[in-house]
Amino acid sequence: MTVAEVTRVGWATVQDGGRSGFAGVGVPVSGALHQERYLLATALLSGAPDDRVPAVELLAGGLGLVMIAETILGVVGPVTLRLDGEPAAVGAALRVGERAHVEIEHHGRGPAYVVIGGWAPEATLGSVATDTFSRLGGEVIGSGYRLAGEPQPATRDRIGGFHLPLPEPSGPLRVTEAGHPTLSAFAALTWTVTAVARSGVRLSGGPIASSGSIPSQPVVPGAIQLTPSGEPIVLGPDGGLTGGYPVVGVVATVDVDRLSLLAPGDRVVFRVVDVESAARARDERRRLVARSMAHPDRLP
Amino acid sequence: MRSSLRSQWFGDRAVLVSLEHPSDRRDVVESLAAALPSHQVRTGMASVLVESVEPDPHLLDHVRIALTRGHDAVTTPVAPRVVEIPVAYTGADLGDVAQVLACAPGEVAAAHRAQEWSVAMMGFAPGFGYLEPIGPMVLDWSTVQRRDSPRSQVPRGSVAVAAGMSAVYPSAMPGGWHLIGTSTAHLFDPARPESPTRLRVGDSVRFVEERS
């Protein structure tokens with residue numbers, strides 16, 4: 001059965017929290033570029049963050065849907081939302097009726113996430129995440145794409161739940177060490193974004209000394225590779241599991257989501273922090289997000 | 001012995017251990033996996049990465065303690081699993097590789113079959129194992145570098161060599177290694193979540209002549 005059909009779409013893929021547990025055999029984690037927004041969206045459906053809930057990750061342009069059956073819709077991110085032509089709330093669990101027209105326009109920074117009650121695309125290795133590098137999981141969504149599943153009446157009591165506004169983090173991107181001697185020299189420079197993709201963010205503005213290539217080693221999202229051309233690449237969730245370029249530092253986990261807000265031409269500055277303060281900042285952010293999440297006691 | 005291995009932060013939720021000898025890899029991986037069962041342990045050519053899901057200021061201490069203790073719990077060393085991969089030596093670059101190694105194409109094929117290989121790391125793509133030569137080498141594989149210009153599409157099953165290593169492409173993808181043969185082996189099957197890949201780190205690999 002189909003819960004909705006895409007009438008028009010910009011740049012969008014199917015994502016979830018990621019394909020974890022298979023990195024040891026070469027399968028990247030992939031998943032939502034902005035985990036915080038994604039998990040907020042899933043909480044609208046599930047009542048709590050749930051990294052297995054499928055979401056449309058909209059990176060640019062619009063998304064039009066026609067609902068086949070009545071269900072729940074939740075949208076989180078820098079978008080405007082209209083239901084049958086009427087403005088509707090972003091960051092809230094909404095009831096959408098049979099044949100309802102959903103129109104979403106992207107107008108800000110970074111990805112938006114759309115969750116739909118009952119949508120259940122096929123999973124690969126336990127995840128629906130679209131890995132644009134390994135070409136695993138879901139797919140790039142095109143016009144006419146059908147969202148398969150069964151409408152979800154069980155969670156209709158969630159309708160009306162909403163998130164409180166959450167401030168965007170600001171300031172330099174925090175970066176932690178990876179045993180490379182030039183991290184402080186790297187962090188002293190102002191960098192310019194030259195390209196963005198799910199595989200990573202390319203920067204220019206060096207030069208910074210690079211030792212060419214190293215024996216291939218495991219890498220993680222947020223790792224900043226120094227390429228021989230002098231243009232660093234900050235790896236994203238589809239950036240691969242191993243790399244042969246020196247890693248100058250790794251963006252602190254608390255700031256990895258912010259990489260998805262960057263656009264070509266942006267200026268980027270980094271600040272080196274130690275692991276203790278990076279971990280503390282992450283804990284504080286998680287508490288802030290938890291407080292802003294829709295809870296049953298906030299339902300009208 | 002292993003306490004002398006260098007370990008350092010790799011971001012706020014991972015620690016990278018540098019290996020002195022590739023032969024330490026298996027011991028180090030087993031020690032870390034046994035001591036930190038809720039963490040992910042991945043190998044590189046000369047390193048091992050221990051990863052947690054969230055930032056953990058104590059991870060570096062935990063890794064160092066695990067390396068000092070070694071893997072006492074693992075009493076008897078288990079012999080590596082041997083995986084046989086059938087190959088037809090018909091690759092487009094077989095002649096070029098023979099030229100670099102100053103021998104005939106048939107000798108490259110024979111040496112590749114005679115060589116014992118070991119899965120050093122998995123990566124690049126799902127199911128892609130980096131195979132390093134183990135034991136005596138008839139030919140010096142390290143003299144074969146990557147191709148000057150990578151192919152935009154290497155067919156699935158291609159058997160390749162480069163930078164002292166060998167590999168089998170689990171699916172069609174871009175690649176810069178020299179192609180010396182093709183294999184019918186299926187190295188990646190996402191429909192088998194309990195074991196989606198044929199190769200695992202530490203496996204011993206033997207190439208055998210494809211029977212037609």
Side-chain angles (χ1 to χ4, degrees), chain A residues 17-29 51 123-127 131 133-137 174-180 213-224 240-244 247 249-256 273-283 286, chain B residues 6-16 18-19 22 29 33 40-60 119-130 146 163 165 170-173 187-193 195-201:
Chain A
R19 191 168 283 111
S20 56
F22 297 99
V25 292
V27 179
V29 63
D51 66 2
T124 305
L125 295 177
S127 166
D131 182 338
F133 176 79
S134 305
R135 283 174 286 176
L136 285 181
R174 285 158 283 196
V175 59
T176 48
E177 62 170 312
H180 197 278
S213 61
I214 56 168
S216 288
Q217 69 175 37
V219 291
V220 294
I224 306 167
L241 289 164
T242 58
V247 171
V250 182
V251 173
T253 303
V254 66
D255 281 341
V256 166
V273 297
D274 60 26
V275 171
E276 284 76 14
S277 53
R280 212 160 39 237
R282 170 71 168 172
D283 285 345
R286 280 161 67 88
Chain B
R6 200 158 49 87
S7 49
Q8 75 203 17
W9 285 109
F10 193 79
D12 57 17
R13 56 177 190 85
V15 167
L16 191 70
S18 301
L19 299 175
V29 167
Q40 191 143 269
V41 179
R42 288 192 273 148
T43 61
M45 293 310 295
S47 55
V48 175
L49 187 79
V50 184
E51 210 182 330
S52 63
V53 176
E54 287 293 328
D56 175 6
H58 306 295
L59 184 57
L60 185 58
V119 181
M121 63 185 262
M122 302 290 293
F124 179 52
F128 189 100
Y130 291 76
R146 289 183 171 83
M165 293 179 282
S171 52
M173 66 184 87
L187 295 189
F188 179 61
D189 182 0
R192 295 175 54 209
S195 140
T197 63
R198 182 87 184 277
L199 301 179
R200 289 192 304 250
V201 169

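Order of the sequence lines sets the chain letters (A, B, ...), proteins ahead of strands, with each chain counted from 1.
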Ranking G44(B), S47(B), P55(B), A125(B) by heavy-atom pairs under 4.5 Å to chain A gives rank one to P55(B)
S134(A) and P126(B) have their tightest heavy-atom pair at OG-CD, 3.4 Å
Open item on the list: I want to check something: taking the side chain as every heavy atom from C-beta on, are E54(B) and R286(A) in contact at a cut-off of under 4.5 Å?
Closed with: yes
Heavy-atom closest pair (V275(A) atom, G11(B) atom, distance to 0.1 Å) is CG2-O, 4.0 Å
Nearest heavy-atom contact between F133(A) and F124(B) is CE2-O, 2.8 Å
Begin with the C-alpha distance, continue with both residues' side-chain angles, and end with the deciding distance and a verdict on side chain to side chain contact (heavy atoms under 4.5 Å, CB included) for D12(B) and R174(A). CA-CA 11 Å; D12(B) 57 17; R174(A) 285 158 283 196; over 6 Å; no
Bottom line for S171(B): the part with an atom under 4.5 Å from chain A's heavy atoms is neither
Under the side chain to side chain contact (heavy atoms under 4.5 Å, CB included) criterion, do F188(B) and V27(A) qualify, and how do the steps go?
-> CA-CA 10 Å; F188(B) 179 61; V27(A) 179; 3.9 Å; yes
Between L125(A) and P190(B) the two heavy atoms that sit nearest each other are CD2-O, 3.4 Å
Assert top hit (heavy-atom pairs under 4.5 Å, partner chain B, pool A279(A), A23(A), G179(A)) equals A23(A)
inquiry  = Keeping Q217(A) on the side-chain end and A46(B) on the backbone end, is there a donor-acceptor pair under 3.5 Å?
reply    = no
What one should report as the nearest heavy-atom pair of A178(A) and F10(B) is CB-CD1, 3.7 Å
In terms of heavy-atom pairs under 4.5 Å with chain B, the winner among V251(A), L241(A), D283(A), V273(A) is L241(A)
TODO: Decide yes or no for V250(A) and W9(B): does some side-chain heavy atom of the first lie under 4.5 Å from some side-chain heavy atom of the second?
DONE: no
So, the part of P196(B) with a heavy atom under 4.5 Å from chain A: the answer is side chain
To the nearest 0.5 Å, atom CE of M173(B) lies from atom CZ of R135(A) at 8.0 Å
Checklist entry - Got V220(A) and R42(B) here, is their nearest side-chain heavy-atom distance under 4.5 Å? => result yes
Heaviest contributor of heavy-atom pairs below 4.5 Å to chain B, chosen from P215(A), A278(A), G240(A), S216(A), is S216(A)
Note: P221(A) and R13(B) closest approach over all heavy atoms is CD-NH2, 4.1 Å
The interface call for V175(A) against chain B, heavy-atom contacts under 4.5 Å, is neither
If we ignore hydrogens and angles and just use 3.5 Å, is the side chain of R200(B) paired with the main-chain N or O of G24(A) as donor and acceptor? no
Just so I know, are the side chains of F128(B) and T242(A) near enough to count as touching, which here means a heavy-atom distance under 4.5 Å? no
The interface call for A33(B) against chain A, heavy-atom contacts under 4.5 Å, is neither
